[in-house]
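Reviewing the structure listed below.
Numbers restart at 1 for each chain; the letters A, B, ... are given by sequence-line order, proteins then strands.
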Protein chains: 2
Amino acid sequence: MAATLADVAKLAGVDLSTASRVLAGSEQVRVRPETRDRIHVAAKDLGYRPNRVAQALRTSKSSTLGLALPQVDNPVFTDMISGVETAARSRGYSILITRIGGASAGEALLQMAEANRVDGVLVISFDSDRVLESALGGLKIPVVMINRRAVKGAGYVVHDSRGAAYKATRYLIEAGHRRIIHLAGRLDGYNGSERHAGYVAAHQDAGIELDPSLVLEVGYDAERAAQVLADYLKSVAPSQMPTAIFSATLVTAAGAIRTLHGLGFDLPRDFSVIGLNDGLLATLLFPQLTTVALQSVEMGRRAAEMIIDQINDDLAPAHVTLSPGDVVVRQSVAPPRDREIVLQSG
Amino acid sequence: MAATLADVAKLAGVDLSTASRVLAGSEQVRVRPETRDRIHVAAKDLGYRPNRVAQALRTSKSSTLGLALPQVDNPVFTDMISGVETAARSRGYSILITRIGGASAGEALLQMAEANRVDGVLVISFDSDRVLESALGGLKIPVVMINRRAVKGAGYVVHDSRGAAYKATRYLIEAGHRRIIHLAGRLDGYNGSERHAGYVAAHQDAGIELDPSLVLEVGYDAERAAQVLADYLKSVAPSQMPTAIFSATLVTAAGAIRTLHGLGFDLPRDFSVIGLNDGLLATLLFPQLTTVALQSVEMGRRAAEMIIDQINDDLAPAHVTLSPGDVVVRQSVAPPRDREIVLQSG
DNA sequence: TTGAAAGCGATACCAC
DNA sequence: GTGGTATCGCTTTCAA
């Protein structure tokens, strides 16, 4: 049905191989100008489009990137996906997407990677994941991790999570808060542990003693964060009641705000909340969320470019750390209500 | 590097064609059991995986679906994507994703479809889109539209938008509201016009006179909805102040709530809001949003299955309308504040 | 500067 | 039941 290279060659009165050179090759190939023209005209007339499948078979290059991620309904992930999509397309690559849920992660990856369908694999995930690690270890094509440190040899792009967390925490401290809950991700992963470290460092630099019981490991899920926070607040003694929350992610901050409303707190008068990562969601919360912006779209872009460089130019895998943006000031942070406590500690 | 069919055949001591039959074919192919075993063992030993690219070239079937959509950061779209992914995977299909932004929509689609890369194209979009229509018209592979009516001949899966809108509007009316704003999508598209029709029908059935100035066409974007609503509320005469909003989508409802907070309204006491489509976001808003649930994940599933049926079994394109779910009652709807008005009209 | 021909890795038709 | 072989559409080396 569709015109093939042979059709073009025939119409142009040249050999198939000549047509291939002209159409695929750069402007550099030495061909008589009139021949070149005839071929281009023929191609245009027939509406010729190279069969990418045949090209891929012949060259072992599919110009396709695999994108593996655990879920597509997290606003931070969608930012990264946008970045990947943009960069990939501008360099002529397509994206084959696959969800890597728990146990089936390995098989899904192998399906993509071992069957010559993709030239490289980008992996977005929260923190560590053993299943994934072993599956990735066996691949013979480039792998770049997005938002987490890499398994041996793979490239990665991460946020300066510690720096971002430091900024966020310090912002609360400067607003006068002294008892600050940290809704942490997974403390055994890169982001979770680094963000916790930033939270700790900000306290230390301010000379504030840390209360380990203020760190709640809630993962990366709004529901779970909401639940764990609710349990904590119901159990804490009134005299020990914190005045602020630093949430490691956007969705857990959203979950926290929901819980605070549910318990009758008036925000931000009774409780201040700051999150990490900016986005539309932050403006839809009430009060609108003050956050430290992170370069999530850029993260996707950089990862895609890195892997394409590895594929095409055989560059070594790189390790990029993106610096945090500024604090985006909205309405979720206010000075603590009880001024006396503030003055005592400060 | 990777084992090919030829390797397997050699190891098993059979011809390549025999190995192909056994490995690819069903259990039905007539082969001596011991031969079959030898081949399977050899394949396992070598870690053989069929080269999907070669298969695609030979059979003109890539077992890949194209998924084209305007944006990936809308929670409703991500639900649909999830459904598509699940159904596709369970039937052995992969997903090539591409963003169709405005003018480049056509070329992106052709890239995917005309180069034999995908066996069919699923298109998610809000409402009509001329660029898209013409591009789709020329494709020689099946097309299924998700969330909107189809161009000629293509299948589609849509919500019963009118029924859903009717439910939502009636819920507000039953709560006592008489002046209800409708934040509409695009009134020239399927969803926009049908939802508007449901809003109108609910009023008529309740014997309430319609005020056309209450219909605000805001599209599908939170920012725009927030802005248009703000402009409207600032301009409306106090005596004409509506008491409730029926928003055609989840994100525009979220934008509306933000605006209402910004103008100092106390929700839901001063203003009730109901949306269409349920999801995590609805629970993160304050007050938590009352909505009519729509089957968005199911929509993706059905569309994927439909197109796979078209591809494999040559079934005719179907047209599916998904019925709305129930009203998910949360906290964003209350009786109107001014009882006198209610009693006058009711 | 252009043509001929060998594959890439699989499928499927046709013999035996 | 099993083997031989043409073929999918393209790239690329080697000759001419």
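- Atom pair Leu16(A):CG and dT1(C):P shows a separation of 20 Å (rounding to whole Å applied).
- Looking at Arg148(B) and Ile124(B), their side chains never come closer than 4.5 Å, going by heavy atoms from C-beta outward.
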CA sep, side-chain torsions, deciding dist, call: Arg52(B), Thr64(B), side chain to side chain donor-acceptor pair (under 3.5 Å): CA-CA 10 Å; Arg52(B) 313 295 245 92; Thr64(B) 301; over 6 Å; no

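- With rounding to whole Å, Asn116(B) atom CG is found 8 Å from dG9(D) atom P.
- Protein atom CZ of Arg36(B) is 13 Å distant from nucleotide atom C1' of dT2(D), rounded to whole Å.
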Hey, what are the protein-to-nucleotides 13-16 of chain C N/O distances that come in under 3.5 Å?
none

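- A sub-4.0 Å separation between OP1 or OP2 of dT11(D) and a side-chain N or O of Ser20(A) is present.
- The CG-C1' distance, from Leu23(B) to dG9(C), rounds to 13 Å in whole Å.
- Rounded to whole Å, the distance from CZ on Arg38(B) to P on dG3(D) is 8 Å.
- Every pair passing side-chain hydrogen bond (donor to acceptor under 3.5 Å, both in side chains) that includes a residue from residues 308-318 of chain B is listed here, sequence neighbours excluded: Arg91(B)-Asp309(B), Tyr93(B)-Asn312(B).
- Nearest heavy-atom pair across Ile39(B) and Ala19(B) is CD1-CA, 3.9 Å.
- Among the heavy atoms of the strands, none lies under 4.0 Å from Val53(B).
- At the phosphate of dT2(C), OP1 or OP2 sits under 4.0 Å from a side-chain N or O atom of Thr35(A).
- Remark: Gln55(B) is not in phosphate contact with dG9(C), judged by side-chain N or O atoms under 4.0 Å from OP1 or OP2.
- Of all the heavy atoms in Arg302(A) and Val320(A), the pair that sits closest is NH2-CG1, 3.5 Å.
- The nearest whole Å value for the distance from the CZ atom in Arg49(A) to the P atom in dG9(D) is 16 Å.
- Between Arg301(B) and Glu298(B) there is a salt bridge, since a side-chain N of the basic residue sits under 4.0 Å from a carboxylate O of the acidic one.
- With hydrogens and angles ignored, a donor-acceptor pair closer than 3.5 Å exists between the side chain of Arg58(B) and the base of dT7(D).
- One interatomic measurement links the two molecules: OH of Tyr48(B) to C1' of dT11(C), which rounds to 10 Å at whole-angstrom precision.
- Listed nucleotides: dT2(C), dT12(D), dG9(C). Nearest to the side chain of Ala54(B): dG9(C).
- Among the atoms of the strands shown, none is found under 4.0 Å from any heavy atom of Ser60(B).
- Classification of Glu85(B) and Arg89(B) as a salt-bridged pair holds, one side-chain N sitting under 4.0 Å from a carboxylate O.
- Between Leu57(B) atom CG and dT7(D) atom P the separation is 14 Å, expressed in whole Å.
- Nearest nucleotide to the Asp15(B) side chain, out of dT2(C), dT2(D), dG3(D): dG3(D).
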